[in-house]
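What follows is a short report on a single structure.
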There are 2 protein chains.
Amino acid sequence: MNNEKDFSKILKEKGYKFTNQRQFVYDVVMENEGKHLNSQEIYELVREKYPEIGVATVYRTLALLEEVGMIYGVDFEDGYRRYEISKEDEEHRHHHLICLGCGTIREVEEDLLGSIEEIIFKNHNFKVKNHRVKFYGYCDKCLVKKFEL
Amino acid sequence: MNNEKDFSKILKEKGYKFTNQRQFVYDVVMENEGKHLNSQEIYELVREKYPEIGVATVYRTLALLEEVGMIYGVDFEDGYRRYEISKEDEEHRHHHLICLGCGTIREVEEDLLGSIEEIIFKNHNFKVKNHRVKFYGYCDKCLVKKFEL
DNA sequence: CTCCATGCAAACACTTTGCAATCCG
DNA sequence: CGGATTGCAAAGTGTTTGCATGGAG
């Protein structure tokens, strides 16, 4: 896994220096897996542990961590860039289920799109390397509410 | 289809006034189907025909047209909101093929996700109403280039 | 004639940049 | 020590808002 030793090592391998700020930013993203924090939220959380940090550093660090592939950005079209930890064993990114009722965002880890990518290659001569999929609908709780109405 | 008569009628049905500005904005989006214009580009194009128009009007009109369902916004995570004409006969939005080589964006009209939505309902109790799917990869031209290298 | 819609400019919100001070290696 | 990194504040960017004027119904 990505423990602190690896974190420092990965940075150095890519020619970047290890700093406390970078560690703190990475920690916050990792400790809040599944919450899809945006840059500002990450900034606030890092400041709790490291109050001197500046916004610019957080933005620069997030860009750097994305560049080295340790995190990646998702866009839920709410005006914020949100971040998740990369899991190296994921060939493709997981899918998001976004509830139109309560706004919850859940994740589906299964890769359901393999056969579709074959169809796209056959029919459109387009070789898919990755995909981003968002399903909008109603989660179990909101479905129940709808029936009750 | 959405000719000018219908345009005015749809607006009025929803309680909005018909104005030249709204017509021009809609025209530009429609005349550039498939180009995924962003708000600024739409503004520039409208100004060619209607130079007095202000940016604010364009933004307000795009929001309004989206609200009444005549257009909809897509986000390719390039910092711009881009717009497409809605086709009423599309139950689900089409998919986008985004080429990592040349940046071209093509569209796949087939709805390939029906069976996947069933799986999601069975396995996750989530009822999908719509989806947004982007495939990143290489288009035919860029595939050829890669082989030639 | 009554509001809704427009144009302008100023305000916003998120992000990026310039630069001197600081710190990693 | 030397260049990468930081913090601060100022500058950018795309978009939104306030308000007086203008136009649709």
Side-chain angles (χ1 to χ4, degrees), chain A residues 4-5 7-26 28-29 36-68 70-71 73-83, chain B residues 4-5 7-26 28-29 36-68 70-71 73-83:
Chain A
E4 304 199 358
K5 271 232 170 67
F7 178 77
S8 161
K9 213 170 69 183
I10 293 170
L11 285 186
K12 285 174 192 160
E13 278 168 5
K14 304 261 182 179
Y16 297 113
K17 291 183 177 171
F18 169 85
T19 66
N20 285 318
Q21 287 90 330
R22 288 175 178 173
Q23 179 74 62
F24 279 121
V25 170
Y26 183 70
V28 163
V29 180
H36 309 97
L37 299 181
N38 65 41
S39 317
Q40 303 277 342
E41 290 165 342
I42 295 169
Y43 171 59
E44 298 297 337
L45 287 173
V46 173
R47 269 213 301 189
E48 291 177 6
K49 297 176 179 173
Y50 197 100
E52 320 88 281
I53 202 165
V55 222
T57 304
V58 173
Y59 279 94
R60 283 188 282 232
T61 302
L62 290 170
L64 181 143
L65 295 180
E66 185 164 22
E67 194 237 292
V68 304
M70 299 174 80
I71 66 174
V74 215
D75 192 332
F76 294 119
E77 310 196 10
D78 60 353
Y80 302 90
R81 178 128 256 249
R82 299 178 172 279
Y83 290 93
Chain B
E4 304 199 357
K5 271 232 170 67
F7 178 76
S8 161
K9 211 170 72 183
I10 293 170
L11 285 186
K12 284 173 191 161
E13 276 169 5
K14 303 260 182 178
Y16 298 112
K17 290 182 178 170
F18 169 84
T19 66
N20 285 319
Q21 287 89 330
R22 289 175 178 172
Q23 179 73 62
F24 278 121
V25 169
Y26 183 70
V28 163
V29 180
H36 309 96
L37 299 180
N38 65 41
S39 318
Q40 304 277 342
E41 291 165 342
I42 294 167
Y43 170 58
E44 298 298 336
L45 287 173
V46 173
R47 268 213 301 189
E48 291 178 8
K49 297 177 182 172
Y50 195 101
E52 320 88 280
I53 201 165
V55 223
T57 304
V58 173
Y59 279 94
R60 282 188 282 232
T61 302
L62 290 170
L64 181 142
L65 295 179
E66 185 164 21
E67 195 238 290
V68 304
M70 300 174 79
I71 66 174
V74 214
D75 193 331
F76 294 120
E77 309 196 12
D78 60 352
Y80 302 90
R81 180 142 201 100
R82 299 177 172 278
Y83 290 93

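Just so we're on the same page: letters track the sequence lines, and every chain starts at 1.
The phosphate of dC14(C) has neither OP1 nor OP2 within less than 4.0 Å of any side-chain N or O from Ser39(A). A close approach under 4.0 Å does not occur between any side-chain nitrogen or oxygen of Thr61(B) and OP1 or OP2 of dA5(C). For dT6(D), the OP1/OP2 oxygens have a side-chain nitrogen or oxygen of Thr19(A) closer than 4.0 Å. Contact annotation: Tyr80(B) reaches the phosphate of dG14(D) (side-chain N/O to OP1 or OP2, under 4.0 Å). The shortest distance between the side-chain N/O atoms of Lys12(B) and the OP1/OP2 oxygens of dG25(D) is below 4.0 Å. For dT15(D), the OP1/OP2 oxygens have a side-chain nitrogen or oxygen of Tyr59(B) closer than 4.0 Å.
Taking both residues in full, the closest heavy atoms of Val46(A) and Val25(A) are given as CG2-CA, 3.8 Å, listed atom of the first, atom of the second, then distance.
Taking atom CZ on Phe18(B) and atom P on dC3(C), their separation rounds to 23 Å, with Å as the unit. As a whole-Å value, the separation of Tyr43(A) OH from dT16(C) C1' is 15 Å.
Residue Arg60(B) is classed as a base contact, given a heavy-atom separation below 4.0 Å to a base. When heavy atoms are screened at a 4.0 angstrom cut-off, Tyr50(A) is found touching the sugar-phosphate backbone but no base atom. Using a 4.0 Å heavy-atom criterion, one finds that Arg81(A) contacts the sugar-phosphate atoms exclusively. The residue Glu52(B) sits close only to the backbone: its heavy atoms come under 4.0 Å of sugar-phosphate atoms, none of a base.
With respect to Val58(A), the side chain to side chain contact (heavy atoms under 4.5 Å, CB included) criterion is satisfied by exactly one of Val28(A), Leu45(A), Ile42(A): Ile42(A).
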